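Just so you know, these numbers come straight off a predicted model, no measurement behind them. Just follow the structure's listing: the first ligand is 1, and inside any ligand the first atom is 1.
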Amino acid sequence: MRVLVVGAGIIGAALADRLTRPAPGAPARVTVVEAEGPGAGTSGTSYAWINANDPADPAYHRFRTAAMSAWRDLAAGFGAPAWYRPSGNVTWAAADGAKERLADRVARLSGLGYAAELITSHRLRELEPHVAAPPDALIAHYPGEAHLHGGPAARALVRRARDSGADLVAARRTVRLNTDGDRVTGVRLDDGRDLDADLTVCAAGRHSPALLATAGAALPLVDPSEPGSAAPCLVATTSAAEGVLNGLVHAPGLSARPAATGGLVLEADDLDAGTDETASPAHVRAVGDELLARARALVPALTAQVAEVRRCVRPLPVDGYPLVGFQRPGLYTAVTHSGITLAPHLAALIAEEIAGRPSGALAPYRPNRAAPHP
Ligand SMILES: Cc1cc2nc3c(=O)[nH]c(=O)nc-3n(C[C@H](O)[C@H](O)[C@H](O)COP(=O)(O)OP(=O)(O)OC[C@H]3O[C@@H](n4cnc5c(N)ncnc54)[C@H](O)[C@@H]3O)c2cc1C
């Protein structure tokens with residue numbers, strides 16, 4: 001079976017790797033087509049927190065905890081790689097309502113068997129000695145959570161897939177899906193070449209709707225060009241700040257973690273809310289400055305500067321849940337937010353489906369679902 005994966009972000013890379021692992025019924029030939037290079041898209045910019053930190057939907061929470069476990073197994077197979085950081089996560093709340101919500105979340109997550117605990121400020125100092133939290137903060141620790149350096153991870157997965165026989169066609173854009181009647185038969189590249197396949201997997205992240213539209217297929221992703229869209233965002237990285245954070249820290253108004261480059265990755269939801277795809281360079285700079293000011297309040301000893309502020313677009317399904325499954329004969333789609341968390345688990349389930357064994361775990365997340373996920 002010839003399988004063609006369009007996109008080498010974390011989803012396409014994890015799938016290519018999985019499809020080339022020794023397994024009964026594995027496809028004979030895997031080709032990955034990537035417009036730039038592995039990990040160059042959203043996965044390389046992502047905040048990349050591997051978690052199942054929301055107890056609201058217990059079934060989806062279980063799906064995500066399975067994904068956290070899939071990452072542990074995958075990383076172990078690479079021998080504790082530098083791109084997978086099982087660092088844990090600390091967070092706190094300072095305002096009264098926020099404290100109640102955090103206490104409730106920790107209780108509900110614990111009730112679901114998730115590693116979640118309230119800790120003292122002394123314990124916070126042991127975990128994150130350089131971080132300043134208000135003395136009366138309610139502090140939570142999630143020791144099982146992790147973060148990923150998405151670019152290096154995608155590249156490592158594609159490298160291993162190639163070592164196991166996959167082909168990579170890099171720096172080549174897929175301009176359309178080729179069809180024969182209802183069946184997708186492969187893709188056309190931007191150099192005019194056609195690549196034939198028994199199955200084409202669309203793992204093109206935020207660009208998937210445009211690609212699928214070339215075969216008349218639709219995908220309900222949030223449109224980043226709509227005013228007030230939740231998809232566009234800004235992520236800052238700082239210059240070197242070795243050792244100032246050990247893991248993920250979620251303070252009111254700031255999410256921060258160590259970056260692969262030795263600096264920090266900084267993001268804030270409230271600042272993303274005022275960002276659109278056409279945000280001016282002045283706006284982008286102002287967001288970078290604000291993120292740095294918040295980081296200095298979080299880590300008073302921080303002397304780093306903003307090194308880069310990257311625009312990015314979340315591949316955000318309209319109802320927030322994954323879009324995974326066959327869309328047409330010869331066409332499989334795998335697009336999701338939380339793709340960093342979910343990638344290896346999805347890859348394992350998708351490989352089963354490609355081998356002819358439909359996955360019950362994926363049944364709620366089909367791309368053609370008529371109604372939004374409840
Ligand atoms: C700011 C931010 C924070 C986030 N935080 C988290 C988080 O904490 N935890 C989490 O789990 N998730 C998080 N996400 C979401 C997560 O990053 C994404 O779900 C995930 O990276 C998507 O991976 P992907 O492989 O589908 O897409 P991408 O990484 O974008 O990969 C798609 C690839 O396809 C290629 N491509 C596109 N079109 C074509 C074409 N026509 N031909 C050939 N190649 C093509 C692109 O070049 C790209 O490399 C965050 C996202 C953002 C933006």
Region of [X] engaging ligand 1 - heavy atom pairs below 4.0 Å:
X      : result
Val235 : side chain
His207 : side chain
Ala204 : both

Among all protein heavy atoms, pick out the one at the shortest distance from [atom]; state its residue, atom name and that distance to 0.1 Å.
atom                    : result
atom 10 (C) of ligand 1 : Ser338 CA, 3.4 Å
atom 30 (O) of ligand 1 : Thr42 N, 3.0 Å
atom 45 (C) of ligand 1 : Ala35 CB, 3.7 Å
atom 2 (C) of ligand 1  : Arg314 NH1, 3.6 Å
atom 23 (O) of ligand 1 : Ser43 OG, 3.1 Å
atom 31 (O) of ligand 1 : Gly9 CA, 3.2 Å
atom 41 (N) of ligand 1 : Thr174 O, 2.9 Å
atom 4 (C) of ligand 1  : Ser46 OG, 3.3 Å

Contact (N/O only, under 3.5 Å) between [X] and ligand 1:
X      : answer
Gly339 : yes
Leu342 : no
Glu34  : yes
Pro315 : no
Thr341 : yes
Arg172 : no

Considering only heavy atoms of [X], which atoms of ligand 1 have at least one such atom less than 4.0 Å away?
X      : value
Gly41  : 29 (O), 30 (O), 49 (O)
Ala203 : 32 (C), 34 (O)
Gly205 : 26 (O), 27 (O), 32 (C)
Cys233 : 1 (C), 53 (C)
Trp49  : 7 (C), 8 (O), 9 (N), 10 (C), 11 (O)
Ala48  : 5 (N), 6 (C), 7 (C), 8 (O)
Gly7   : 33 (C), 34 (O), 35 (C)
Thr336 : 19 (O)

Can we say Asp17 and Arg21 salt-bridge, meaning some charged N sits less than 4.0 Å from an Asp/Glu carboxylate O?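 Yes, charged N to carboxylate O under 4.0 Å.
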Going by an N to O cut-off under 4.0 Å, is there a salt bridge joining Arg162 and Glu34?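 Glu34 and Arg162: not salt-bridged.
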Indicate whether any N or O donor in one side chain lies under 3.5 Å from an N or O acceptor in the other, for Asn51 and Asn89.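 Not at all, the side chains of Asn51 and Asn89 share no donor-acceptor pair under 3.5 Å.
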Check whether the side chains of Thr42 and Arg206 place a donor and an acceptor atom closer than 3.5 Å, and report yes or no.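 Judged by distance alone, the side chains do not pair up.
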Donor-acceptor under 3.5 Å ([X] side chain, [Y] main chain):
X      : Y      : result
Asn246 : Leu127 : yes
Arg257 : Tyr47  : yes
Ser359 : Glu353 : no
Thr20  : Ala16  : yes
Glu128 : Gly247 : yes
Asn178 : Val184 : no
Thr238 : Leu264 : yes

Would you please determine whether [X] falls within less than 4.0 Å of ligand 1 on a heavy-atom basis?
X      : answer
Arg206 : no
Val6   : yes
Ile10  : yes

Measure the spacing between CG of Leu199 and CZ of Arg183 and express it to the nearest 0.5 Å.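 Separation between the atoms: 8.5 Å.
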CG of Asp180: more than 12 outside heavy atoms within 6.0 angstrom?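 Not buried by this count: 12 neighbours or fewer within 6.0 Å.
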Looking at the rings of Tyr365 and Phe63, which for Trp means the six-membered one, are their centres under 6.0 Å apart?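 Close enough - the centres of the two rings lie under 6.0 Å apart.
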I'd like to check Ile354 versus Met1 (side-chain heavy atoms, cut-off strictly below 4.5 Å). Are they in contact?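 Contact flag for Ile354/Met1 side chains = yes.
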Is the shortest side-chain heavy-atom distance between Tyr332 and Pro367 below 4.5 Å?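 Side chain of Tyr332 against side chain of Pro367, heavy atoms only: no contact under 4.5 Å found.
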